[in-house]
There are 2 protein chains.
Amino acid sequence: MKYSYQREQILKIVQSSYGHLSANEVYEQVRKIIPNISLGTVYRNLNTLAEHHFIRRIIMPHGSDEYDYNVEPHSHIYCVKCGNIYDLPSKVDERMQKLVEKEAGYTITKSSVVFEGICPQCESEKEG
Amino acid sequence: MKYSYQREQILKIVQSSYGHLSANEVYEQVRKIIPNISLGTVYRNLNTLAEHHFIRRIIMPHGSDEYDYNVEPHSHIYCVKCGNIYDLPSKVDERMQKLVEKEAGYTITKSSVVFEGICPQCESEKEG
DNA sequence: CCCCTAAGTAGTAATGATTACTACTTCATT
DNA sequence: AATGAAGTAGTAATCATTACTACTTAGGGG
């Protein structure tokens, strides 16, 4: 991987976001610094960075994929009320994997798990 | 839902497939019976049938969605060796859901879970 | 039994996310 | 400094899916 200013800025944005960003959201942000950057460059660099484990690509079932500063394998949950995407503890992933391997006899190499539900905050607001 | 010959044939194909078919695969099959059927008609009917719980739509992380005759909620695993998509027992789903609700405090309404791994058959062939 | 209209259809165009392509530029090594 | 592999901007292409349009049909009320 050769250095490039574009990639450096893209990495900074994802790392400082402390959340999940779509390629387009990264594009919007990086354009403030590099106005003529191309969307293709954003995609290419996000994927290169993900391949080299600097960030993690979250393949969303529908809609655009998201890029995550947290490189530890973990699943995600989309809150249908507030629209946010939250991380699930990686402990949950480990246990899910063991469950599938034990119950069904498969060797899991990778998983794409996105839950939909209601986050604790929205759940408690329901009563207020 | 008004009767239509097209929808009847589409339902028959998915139900008699005993597996998972993409919209395009259904299209290819139904064209043998109704040569000038439109791909849009296939999509519309598959989704209508799924909404009415005659079949189930499996949203795949990447690639095309699949349609399943098995309407019980269950997750899927894609075997990276043979390329097939297998069902996981719905017991696994129930336990995954409980795990997430207990460990992370979320109320799960829906889940899109697709594992990638190696199926028992391919696993055993490795040694031969 | 026929008419009406909402639902369905074929065919095509549009959408949205992502990747591919092309000609030009830049990093970093000798 | 020269070279070549890797990177870039800009644009076109791809792929799955949905939307649109004008036409057709199912099927209940008169």
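So you know, we letter chains A, B, ... as the sequences are listed, proteins then strands, and number each from 1.
- In this structure, A/Leu46 places its CG atom 14 Å from C1' of C/dT19, rounding to the nearest Å.
- Atom OH of A/Tyr5 is separated from atom P of C/dA28 by 16 Å (rounded to the nearest Å).
- The two residues B/Thr107 and A/Glu123 come nearest to each other via the heavy atoms OG1-OE1, 2.9 Å.
- By the 30° and 60° cut-offs, the orientation of the rings of A/His76 relative to A/His20 is perpendicular.
- Regarding A/Met60, its CE atom lies at a distance of 11 Å from the P atom of C/dT18, rounded to whole Å.
- Distance alone, capped at 3.5 Å, places no donor-acceptor pair between the B/Arg95 side chain and the A/Met96 backbone.
- Between A/Asn47 and C/dT19 there is a side-chain N or O to OP1 or OP2 distance below 4.0 Å.
- The residue B/Arg44 sits close to a base: some heavy atom pair falls under 4.0 Å.
- Summarising the geometry, the separation between NZ on B/Lys2 and P on C/dC4 is reported as 16 Å, rounded to the nearest angstrom.
- One distance of note links CD of B/Glu8 with CD1 of B/Ile13; it measures 11.0 Å at 0.5 Å rounding.
- Bracketed by its first and final contacts, the part of DNA chain D lying under 4.0 Å from non-hydrogen atoms of chain A reaches from D/dA5 to D/dG10 in 5' to 3' order.
- Considering only heavy atoms from C-beta on, A/Met1 comes within 4.5 Å of A/Phe54 through its side chain.
- At least one side-chain heavy atom of A/Asp87 sits under 4.5 Å from a side-chain heavy atom of A/Asp68.
- Note on A/Tyr43: a base of the nucleic acid sits closer than 4.0 angstrom, heavy atoms only.
- Rounding to whole angstrom units, CG of residue A/Asn24 and P of C/dT19 are separated by 14 Å.
- The residue among B/Glu66 and B/Ser4 whose nearest nucleotide of DNA chain D lies closer to the 5′ end is B/Glu66.
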